[in-house]
Amino acid sequence: MATKKKTRNTKIAKGTKAAKSTKSAQRKTAPRKAASRRTTARAVVQPPNHPTTQPPKQSAKYIPQEFESKWFQKWTADELYQTTPADERPKAYILDFFPYPSGDGLSVGHCRNYVPTDVMSRYYRMRGYNVLHPMGWDAFGLPAENAAIKAKTNPAKLIADYSANYKRQFALLGISFDWSREINSSQPNYYRWTQWIFLQLYKAWYDPRVNAARPIAELEKELAEQGTRAIPSVVSADALTAEQWRALSAKERNAFLMNFRLAYRKAAQVNWCPSCKTVLANEEVSEGKCWRCGSVAEKKTLMQWFFRITAYADRLVADLDTIDWPEHIKLMQRNWIGRSEGAEVQFPVISDQLSANSSPITDNSITVFTTRPDTLWGATFMVLAPEHPLVEKLTTAECRAQVEAYVAQAKRETEAERAAVEKEKTGVFIGAYATNPVNGARIPIWVADYVMMGYGTGAIMAVPAHDERDFAFALKFGLPILPVIERTDPSTGSGLAKSFALGGTMRDGFADALRAEGIPFEEKQGSLYITIPPAKMTRYVEIAQQFVQPGEWNEVVGARWLFIFGPNDVETFGGMESEKRILARCHALEPDVRGKRTVMEMLYAVEFYHDALFHAEYGAMINSDEFSGTPGNVAVHRVTQWLQQTGKGTRQVNYKLRDWGISRQRYWGTPIPIIHTDRGEVPVDEKDLPVKLPDVESYEPSATGESPLATIPKFVNVTLPDGTPGRRETDTMGTFACSSWYFMRFADPHNDDAAFDPKQVAYWLPVDTYVGGAEHAVMHLLYARFWTKVLHDLGYVPFVEPFTRLRNQGMILAPEEKDGKREKMSKSKGNVITPDEVVKEYGADALRAYEMFISDFEQATPWSTQGLGGTWRWLRRVWDLLLAPSDRPAADATTERADRDLRRAIHKANRKVSADIEGFRFNTVVSAMMEFTNVITDAQSQVSDAAFEEARHTLLLLLAPIAPFMAEEIWARKGRKYSVHQQKWPQFDAMLAADEMMTLPIMVNGKVRDRVELPVGVSEIEVKDAALRTQNVQKHLAGKTPAQVIYVPGRMVSIVVR
RNA sequence: GCCGUGGUGGCGGAAUAGGAAUACGCGAAGGUCUCAAAAACCUUUGCCCUUCACUGGGCGUGUGGGUUCGACUCCCUCCCACGGCACCA
């Protein structure tokens, strides 16, 4: 560090001398001690009688407000950023997330992604790429509709105003969007094709045999020929023979096909406000109440449209491995899809319980899904979700009243209440029993709200010893808990076993005997807390038998489960019978435990045991008949295989992912192109698209829960070409539909004959770089991936992933207050900073540079007006430097060396700036530019005219993507041919960037003690020699001979002395 | 609770691949210019000790440990902040 600074000081000192010795009168008047890059630059810029070629109106000073808007107008007029159609150049598609234009406009926080993607686009244009960098509006949706209702206007008008404002702000920032490709998802020429894609989904089904979507017509053909025989059951459709299919009416066939279509209709619940008589979005319900009127939100069941995204779950998981996305986003998608492998197992209901019911059902059984078939032997009860249809069927007469009350209460609870944190477990026994199919155990059936109808089969086998929720439930209701998986001690990797010897239960000398055997324990208040090493287990059991007092017992828990009552009187806890036996004996011996209903409840009273009683590890199986001893890593697999072979269960994959609901009972969205008739749904003919949203005055919600469109007869009532009367579907699509394909439309935005020209899409797509906030990590990105795969399967696009590279920008927070608290920018807190105010004061280029410089692109960070001032001052120094006159001294020996150094800096800067723009390291792009500026300034009075010009030329070109306005203005003032943005990116030469000398730090025993400067490429022996000779190293060696000298080529020398 | 991300000067942050910690910028202090101020520019700026000075030394990347000639970087423990999910069988 010190050396480095000294070096620079030396250079500056030399520079000053050189400056003074030159002829410039101005420089002679410079302060004697000036010696600075900055004074020098400034002194050169403002000579009183410097001959200037500039028109009088131009300021010599950097005043961005004088020229920024002028240049943007010219760029627009010249169509400088219009994308050219597909050609032979390499393409770069750089895209920002589709924004909803909000009435509040952009803040400096929103610019965090628009500026860097613009820099990148400008960079790739200069690199000779054909760049697509478009912008459009995600214009449909709730915010616009609500704002319009409030303002008593049409949302289309609001969107027009808001997007115009966004466009103005983008212009202010110099963002180089190709506005000729602007799209608006709420215009018929766009949503016509959203409807078209809906129809493609409606007319397709997912064939698991080929793992792809296929036309539904092919399914109909197959059904007519051979029924459902060859179709694996992926949907909840009944099996059908060809004859049965052919016998169905058109309406019945339609209903049957709904089980297969990728766009289908089913009953689903919505939030309903009984007072506003309207459907509420999740966002409009807070704490179970309507956010407008505060009444309690209810559930209402409506027929709604869904996309069958679950069919693609496996592909959506698998293809994540092929794309360059942040790992945490991929992880969030994997978790969201929530693929889990397990088994479905049938638990027969014990029929004698049913005989009491009026309709005895002989083949009744409860199907459960489990990810842990290896724990089946520990299933000691079952739980049904309150909504489960078998609750009604199986509840016995004695329990009916209680069960019905419980179910009614559970249904009243909102989802939020039911999922409340640390909620006390509740549930009711329904009076019926089932048989555990693996061991024939008779186990009770309960109903409880911690089981959800929406996941798995809505019923579970409860394995309380190895599932936390089941454990809590069993403890509360006194249900038996049987360990069936061995506990491993995480710290040793072997079995964890514990014993608690209560004071007075063991004879004297027990502790000494343990000590003699080397079994560790702690003694507190006369009781022993023993942790038994696996190797000593047998010995421990022998010792305990000898020392246990008559009428007392000692137990072992964890890896083994033993109750030691006396010599040769040891009970193993390992099944329902032993549970009963042990409990009876303990109750008999000890009045204090008589209140305990299960062995585990008794043990749970000892806190020392807690970590050994319950665990969810994949350990070796115990207490599981012939499977006991099966190692943990193969247990699930082996049991699943056995279940399949014996017909007790089947291997099953389950997902958390639900199908994508798109129905919105709203006006402002894409109408769903379906007509309802007596013979079922009929899709609107593709040539009749778009189904236009009627332009109406009032679109307040209907009182029935239907969309406002339902109140417009002119829209609703239609007659099909064959004269059949029909009713249009009145739901509109949620906006995720619009944003699931817009990136394709940008490739061919004005096509009226198709959603896009496949050739254009094949050229531009997939998107090379996609940038937006992490809040869309799951939904939007998953849906867009899904649509892309469907369109691929149906032959419309040649790729399966839409976004090759994804990056998320970090949030820009409000400037830090004195208390150091970090806050988001928000209108309500009044701490929003707009680009408008920043551009007005500092100009767009300073804003752009600061947006890049502020921090790592993905990291959240507070805005700082002082930091912004720093980048502004840098730009001003660049301005002065680039517009300074060129009158360097003639070349001589000194300049030759300085020229070489400067040229090296030029190529190093080029390399760094290029690599960092491509790698999303925008903050170091700016710091590298600042350093390059400093180097040129420092060197300017020592180098030749040619080298100085080369450096300044490169600086200007590297600056063009970052500060486009200033670069263009300087380019013009220098009299160069318009435009700087159409220039080639400067050439990089690795040879010229290579260093001649290297400074190597020398470590002695891990501490830097000295440094040597050597030419690059000297031999290892020379380096070591030089290192050992340096003064401070000699001092630290203190006459000793080094034991080891390590040379890391070009990096450092490390000397070890003992 | 689980999952994810992060923790480096007074502040924003940098550090390619295990090899010079704190680049670049802000702020601060002192100075130059000025009648003065602002602006601009110069110098210093992790902490501590030592030296008139040159210098030399110790500590230092949330905590504690480990691996290594060498750790911001790799491994283990713990703490804190932020984001997301939450009875998912």
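Just so we're clear, the structure is a prediction, and the values are computed from it rather than from any experiment. Letters A, B, ... mirror the listed sequences (proteins, then strands); counts begin at 1.
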Answer with base, sugar-phosphate or nothing: what part of the nucleic acid does A/Asn654 contact at a heavy-atom distance below 4.0 Å? nothing
For B/G56 versus B/C74, give the span between their C1' atoms, rounded off to a whole number of Å. 34 Å
Closest listed nucleotide, where the reference is the side chain of A/Ile854 and the choices are B/C69, B/C26, B/G12: B/G12
Of the candidate nucleotides B/A23, B/G56, B/C87, which contains the atom at the shortest distance from the side chain of A/Met452? B/C87
Is the ring pair A/Phe988/A/His907 parallel, tilted or perpendicular, if the boundaries are 30 and 60 degrees? tilted
Rounded to the nearest Å, what distance is computed from the NE2 atom of residue A/His328 to the C1' atom of nucleotide B/U5? 7 Å
Salt bridge or not between A/Asp1010 and A/Lys1035? Use side-chain N to carboxylate O under 4.0 Å. no
Please measure how far the C1' atom in B/A15 lies from the corresponding atom in B/G4, and state the result in whole Å. 25 Å
Quick one: A/Ile329 CD1 to B/G84 P, roughly how many Å, whole number? 12 Å
Using only side-chain N and O atoms of A/Arg1009, determine if any of them is under 4.0 Å from OP1 or OP2 of B/G58. yes
Presence of A/Arg1051 side-chain N/O under 4.0 Å of B/G70 phosphate oxygens OP1/OP2: no
Can A/Ser914 and A/Asn910 be counted as having a side-chain donor-acceptor contact under 3.5 angstrom? yes
If only side-chain N and O atoms of A/Asn923 are considered, is one of them under 4.0 Å from the OP1 or OP2 phosphate oxygen of B/A14? yes
Which is more 5' along RNA chain B, the nucleotide nearest A/Trp872 or the one nearest A/Ala459? Just name the residue. A/Trp872
Between B/U61 and B/U55, how far apart are the P atoms? Round to whole Å, please. 26 Å
Could you give the CE-to-P distance, from A/Met332 to B/G83, as a whole number of Å? 13 Å
Could you pick out which residue, A/Val1048 or A/Leu331, lies toward the 5' side of RNA chain B when each is mapped onto its nearest nucleotide? A/Leu331
Which part of the nucleic acid, if any, lies within contact of A/Arg334, taking any heavy atom under 4.0 Å across all strands shown: a base, the sugar-phosphate backbone alone, or nothing? nothing
Should the ring pair A/Phe614 and A/Phe471 be called parallel, tilted or perpendicular, given that the plane angle runs from 0 to 90° and is split at 30 and 60? tilted
Short side-chain N/O contact from A/Asn934 to OP1 or OP2 of B/G25, under 4.0 Å: yes
What integer distance in Å separates A/Lys425:NZ from B/A89:C1'? 12 Å
By the 4.0 Å heavy-atom rule, please label A/His1036 as base, sugar-phosphate, or nothing. sugar-phosphate
B/G19 to B/G70 separation - C1' atoms, rounded to the nearest Å: 7 Å
Between C1' of B/U5 and CH2 of A/Trp325, the distance in whole Å: 18 Å
Tell me, please, whether A/Phe477 has A/Lys425 positioned over its six-membered ring: NZ or CZ under 6.0 Å from the ring centre and within 45 degrees of its axis? no
Considering only atom P, compute the distance from B/U16 to B/A23 and round it to an integer number of Å. 15 Å
Under 4.0 Å between a side-chain N or O of A/Lys1007 and OP1 or OP2 of B/C59? yes
Both distances under 3.5 Å, Watson-Crick or G-U wobble: report the partner of B/G18, or none. none
Any donor-acceptor pair under 3.5 Å linking the side-chain atoms of A/Tyr618 with those of A/Asp374? no
Given B/G25, B/C69, B/A20, the nucleotide with the shortest approach to the side chain of A/Ile1046: B/C69
Give the rounded distance in Å between these two atoms: CE of A/Met1003 and P of B/G18. 15 Å
Mind checking the P distance from B/G62 to B/A71? Whole angstroms is fine. 15 Å
Contact class for A/Met1052 (heavy atom, under 4.0 Å): base, sugar-phosphate, or nothing? base
Between P of B/A20 and CD1 of A/Ile1002, the distance in whole Å: 14 Å
Compare the minimum distances between each of B/G27, B/C41, B/A14 and the side chain of A/Gln866, then state the nucleotide with the smallest one. B/G27
With a 3.5 angstrom cut-off on both distances, give the Watson-Crick or G-U wobble partner of B/U61, or none if there isn't one. none
Rounded distance in Å between the C1' positions of B/C78 and B/U45: 34 Å
Could you check how far CZ of A/Arg876 sits from P of B/A40, rounded to whole Å? 5 Å
According to the interplanar angle, ranging from 0 to 90°, do the rings of A/Trp879 and A/Tyr62 count as parallel (below 30°), tilted (30 to 60°) or perpendicular (above 60°)? tilted
Please classify the nucleic acid contact of A/Asp467 as base, sugar-phosphate, or nothing, using heavy-atom distances under 4.0 Å. nothing
Counting only N and O atoms by type, is there a donor-acceptor contact under 3.5 Å from the side chain of A/Lys648 to the main-chain atoms of A/Pro437? yes
Looking at the angle O4'-C1'-N9-C4 for a purine or O4'-C1'-N1-C2 for a pyrimidine, is B/G9 syn or anti, with syn meaning within 90° of 0? syn
Regarding A/Ala472, tell me which of base, sugar-phosphate or nothing describes its non-hydrogen contacts under 4.0 Å with the strands shown. nothing
Please determine whether a side-chain nitrogen or oxygen atom of A/Arg372 lies at a distance below 4.0 Å from atom OP1 or OP2 of B/C88. no
G-U wobble or Watson-Crick pairing nucleotide for B/C35 (cut-off 3.5 Å, both distances): none
Pairing donors with acceptors under 3.5 angstrom, does anything connect the side chains of A/Thr924 and A/Asp916? yes
B/A81 pairs with, by Watson-Crick or G-U criteria that keep both distances under 3.5 Å: B/U5
Phosphate OP1/OP2 of B/C88 contacted by A/Arg469 side-chain N/O (<4.0 Å): yes
What about A/Arg1011: does its side chain form a donor-acceptor pair under 3.5 Å with the base of B/A20? yes
Can you tell me, in whole Å, how much space there is between the C1' of B/U5 and that of B/G58? 35 Å
Under 4.0 angstrom, heavy atoms only, what part of the nucleic acid is A/Asp470 near: base, sugar-phosphate, or nothing? nothing
Pairing nucleotide - B/U45, Watson-Crick or G-U, each distance under 3.5 Å: B/G27
Check whether any side-chain N or O of A/Thr861 sits under 4.0 Å from OP1 or OP2 of B/G13, and answer yes or no. yes
Nucleotide paired to B/C54 in any strand shown, Watson-Crick or G-U, under 3.5 Å: none
So, is A/Arg873 close to the B/C26 phosphate, meaning a side-chain N or O under 4.0 Å from OP1 or OP2? yes
Does a side-chain N or O of A/Asn1032 approach OP1 or OP2 of B/U55 to a distance below 4.0 Å, or not? no
Residue A/Thr371, side-chain atoms from C-beta onward, closest of B/G25, B/A89, B/G83: B/A89
Looking at every strand, decide which applies to A/Ser1054 at a 4.0 Å heavy-atom threshold: base, sugar-phosphate, or nothing. base
Fit a plane to each ring of A/Phe922 and A/Phe920, take the angle between them on a 0 to 90° scale, and name the class: parallel (under 30°), tilted (30 to 60°) or perpendicular (over 60°). perpendicular
